[in-house]
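This report refers to the structure that appears directly beneath it.
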Amino acid sequence: MQLDVLGTRRRTHRSGELRKAHVGEKVFLAGWVDRRRDLGNLIFIDLRDHTGVTQVVCNRESSPEAHQKADAVRPEFVVGVEGDVVERSPETVNRQIPTGEIEVRARTLLLLNEAKTPPFAVSDDKTAEETRLRYRYLDLRRPGMQERLRLRHRAALAVREHMNEHGFVEVETPFMTRSTPEGARDFLVPSRIHHGKFYALPQSPQLFKQLLMIGGMDRYFQIVRCFRDEDFRADRQAEFTQVDIEMAFPEREALFEIIERLMEKLFALVGARVTRPFPHLTYDQALERYGSDKPHLGFGLEWSRVALPPAVREKLHVDGPVKAMRVPKMSEISRSQLDRLQDFARSTPADWFSYFKMGGGGVQSTVQKVVGAEAVNSLAASVGAQAGDLVLLLGIKNLAAESDRRAGASAEARLREASGQLRMEAARRFELIPPDGWHFAWIVDFPMFEYDEKEKRFNAMHHPFTSPREEDLEKLESDPAAVKARAYDLVLNGSEIGGGSIRIHRQDIQRRVFKALGMTDEQARARFGFFLDALEYGTPPHGGIALGFDRIVALMAGESNIREVIAFPKTASAVDLMCESPAEVDPRQLDELGVKIK
RNA sequence: GGGGACGUAGCUCAGUUUGGUUAGAGCGCAUGCCUGUCACGCAUGAGGUCGCGGGUUCGAGCCCCGUCGUCCCCGCCA
């Protein structure tokens, strides 16, 4: 096929921007053939670029050369069009596209490149994700991907602008760094110069940002890639992007305000209004009321604890903790709906489920016959149930039983998890989750440590550089489980979109925390020696946060999967279907690195 | 590591319930016709390793076992 050259021609406009006001102008457009409609002596080409689509008309009579070329054109060919913007006659206006009032009458058509028949139509939208990822470069041409990546770009700009306004400086930190055995698995990079030694890709720039504070940078941020060699999820990739933030002499509420105002700006990009300040919820409150440390606060359902009289407990055979949740105005729900909810409740780690309805004629309950009306009425009163309400009950039946479905999980932990699951399931089934609205919350006062049943020791819940609350310092040695950290998460509509803490800036406290984690001075020194040294040279109080940029952009775009806002993501099995990575390498490369495959 | 769903034409899917003739549809693709289409239309045609391997059976897209891939979830993710 005879192709044309672009030569010195420049685009005068983009495809999506021509309007009635341009009528009469001579323009040059270039882009891809979205669709071609061949009527014989008249050929229509929908010319697409990142801004949209314009209809190009090639008429055999008035421009035979252009028409002849249009005859050969196929979807995804790259073409340039020189022609006149003309107004469409009223009956040929296309109201479905912004450029529908005009069309470009081709004088010259340039065939800049041909294209194989694509595996899927770019102009269509239904394609399995696997195929989309294999041919990502074609998928990227689709308006949806274009919009999402451009939204991501604008979000990144807004972050940089906002952080700059508040005196934060973007500093790059190394990608080739040192493995730290805490936390997630590291991706390792073998050293050619030092056989047997490895760099690690950072799980986050945590230590570097603290070192920048020690280095007097005062306020730092970075939009930065992080790497964690763990299994993928809809909201997790092995490499992902954080907005990493740290400030010296921090005051928690001041930091929160900076972040809240950032969220305000980001969500304004999608026309959303954010209500500030965000509510604070302690970790304990969140778990008690919502059964989750990242509760969706877009609907009301809350659990409350119920105290059952011993006699009632005995009749119901429930000896563990019990919680109740009032579902307002749902007493009309059908029996089969409730049966399905009960089936779901049985699949959770809780082992007792019941419910009652506040009907017109009083309480309707399946357990009423067993425990008597009085007991049910007092239960209803204790959760503030009103006429028309449905009340769900969840509990642990056999405290003493060996049949714990999850070995080691305490009754409280099981009830917590079950209550969180059931709350979300009920909200979904009863369609209580609002389709729009942005419900932010700060979750604060996380526990400092988490007990690892397998390893029989404490782990840092956030990370080992998180400061304990001052009032809990003396419990570091005596009662580590009771120590609360100065750590916080930012939660949006049930997703964790950020987390951070006020850090330890004193070497003595850092040493005590390592000790509580079961690390000897020698072990701590071997792992973080350089950092412990640095702490001794005048470390200012500091703290910060890291925001999950992919998750935030996905939420802004109304997507539940972060792959939709990443140009070249990997599949759930950590594979890039397009470039087929990971891949084997030449044995000589391995030899050079001193690496042998087992 | 575990659980669930899916895998049939280039794409999106039906067919699997209850095994039985030559495996279908829409879109796309090719060729021809068509001067106002915009999901153009009309006509004709090509296109299949039913993911892969094994088994049961006279006979497997369909049943069984294994395996691979994609998605979702649990574990994991300081």
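A note on names: the letters A, B, ... follow the listed sequences, proteins ahead of strands, and every chain is numbered from 1. Just so it is clear, the structure is predicted and the values come from calculations on it, not from any experiment. Note that these values count all heavy atoms, side chains included, but never hydrogens, waters or copies made by symmetry.
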Between [atom2] on [N] and [atom1] on [X], what's the gap in Å once rounded to a whole number?
X: A:L42; N: B:rG41; atom1: CG; atom2: P; answer: 16 Å
X: A:E230; N: B:rC73; atom1: CD; atom2: C1'; answer: 17 Å
X: A:F120; N: B:rC11; atom1: CZ; atom2: P; answer: 10 Å
X: A:I43; N: B:rG41; atom1: CD1; atom2: P; answer: 16 Å
X: A:Y135; N: B:rG10; atom1: OH; atom2: P; answer: 11 Å
X: A:R414; N: B:rC74; atom1: CZ; atom2: P; answer: 19 Å
X: A:E425; N: B:rC73; atom1: CD; atom2: P; answer: 14 Å
X: A:Q242; N: B:rC77; atom1: CD; atom2: P; answer: 16 Å

Indicate yes or no: does [X] engage [Y] in a salt bridge with an N to O separation below 4.0 Å.
X: A:E564; Y: A:R132; answer: yes
X: A:E477; Y: A:R512; answer: yes
X: A:R136; Y: A:D139; answer: yes
X: A:R37; Y: A:D46; answer: yes

Closest to the [X] side chain, choosing from [options]:
X: A:R236; options: B:rC38, B:rC77, B:rC71; answer: B:rC77
X: A:P119; options: B:rC77, B:rC71, B:rG10; answer: B:rG10
X: A:P75; options: B:rG36, B:rC76, B:rC29; answer: B:rC29
X: A:A572; options: B:rC72, B:rU37, B:rG36; answer: B:rC72
X: A:R185; options: B:rU70, B:rG28, B:rC76; answer: B:rC76
X: A:D231; options: B:rC76, B:rC38, B:rG28; answer: B:rC76
X: A:E103; options: B:rU12, B:rC77, B:rG36; answer: B:rG36
X: A:T131; options: B:rA39, B:rU35, B:rC11; answer: B:rC11
X: A:R35; options: B:rA39, B:rC71, B:rG36; answer: B:rA39
X: A:R228; options: B:rC72, B:rU35, B:rC77; answer: B:rC77

By the 4.0 Å heavy-atom rule, please label [X] as base, sugar-phosphate, or nothing.
X: A:T92; result: base
X: A:R36; result: nothing
X: A:Q96; result: sugar-phosphate
X: A:E91; result: nothing
X: A:N41; result: base
X: A:R233; result: base
X: A:E130; result: sugar-phosphate
X: A:S89; result: nothing

In Å, rounded to the nearest 0.5 Å, how long is the span from [atom1] of [X] to [atom2] of [Y]?
X: A:N59; Y: A:F44; atom1: CG; atom2: CZ; value: 9.0 Å
X: A:I504; Y: A:H542; atom1: CD1; atom2: NE2; value: 9.0 Å
X: A:R60; Y: A:H67; atom1: CZ; atom2: NE2; value: 4.5 Å
X: A:Q242; Y: A:K209; atom1: CD; atom2: NZ; value: 7.0 Å

On the side chain of A:D38, is there an atom forming a donor-acceptor pair with the base of B:rC34 - under 3.5 Å, no angle test?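 Indeed, a donor on one side and an acceptor on the other fall under 3.5 Å apart.
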Within the modelled atom types, does a donor on one side and an acceptor on the other bring the side chain of A:R95 and the base of B:rC38 under 3.5 Å apart?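 By the distance-only test, no, there is no pair.
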Using Watson-Crick or G-U wobble geometry with both distances below 3.5 Å, tell me the partner of [N], or none.
N: B:rG36; value: none
N: B:rG19; value: none
N: B:rA30; value: B:rU44
N: B:rG75; value: none
N: B:rC63; value: B:rG55
N: B:rU12; value: B:rA25
N: B:rG69; value: B:rC6

For A:R551 and for A:S573, find the nucleotide of RNA chain B with the closest heavy atom, then tell me which residue's nucleotide is more 5'.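 Per heavy-atom nearest nucleotide, the more 5' residue is A:S573.
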With RNA chain B as reference, determine whether A:N59 or A:A460 sits nearer its 5' end, using the nearest nucleotide of each.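 Comparing both residues, the 5'-ward one is A:N59.
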Is there aromatic stacking of A:F44 on B:rU37 here, judged by a ring-centre distance under 5.5 Å and a plane angle under 30°?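 According to the criterion (under 5.5 Å, under 30°), yes, A:F44 stacks.
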Can you tell me how far [atom1] in [N] sits from the matching atom in [M], rounded to whole Å?
N: B:rG1; M: B:rA25; atom1: C1'; result: 42 Å
N: B:rC40; M: B:rG20; atom1: P; result: 39 Å
N: B:rA39; M: B:rG2; atom1: C1'; result: 45 Å
N: B:rG24; M: B:rG15; atom1: P; result: 16 Å
N: B:rG36; M: B:rA23; atom1: P; result: 42 Å
N: B:rG19; M: B:rC64; atom1: C1'; result: 13 Å
N: B:rU21; M: B:rG61; atom1: C1'; result: 16 Å
N: B:rG47; M: B:rC27; atom1: C1'; result: 14 Å

Phosphate-side-chain proximity, [X] and [N], N/O vs OP1/OP2 below 4.0 Å:
X: A:T117; N: B:rG10; answer: no
X: A:R37; N: B:rC40; answer: yes
X: A:R563; N: B:rC72; answer: yes

Distance only, no hydrogens: is a donor on one side chain within 3.5 Å (strictly under) of an acceptor on the other, for A:Q523 and A:R527?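 Side-chain D/A pair, A:Q523 to A:R527: absent.
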Does any donor atom in the side chain of A:T180 or A:R178 lie under 3.5 Å from an acceptor atom in the other side chain?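 The answer is no; no qualifying pair exists.
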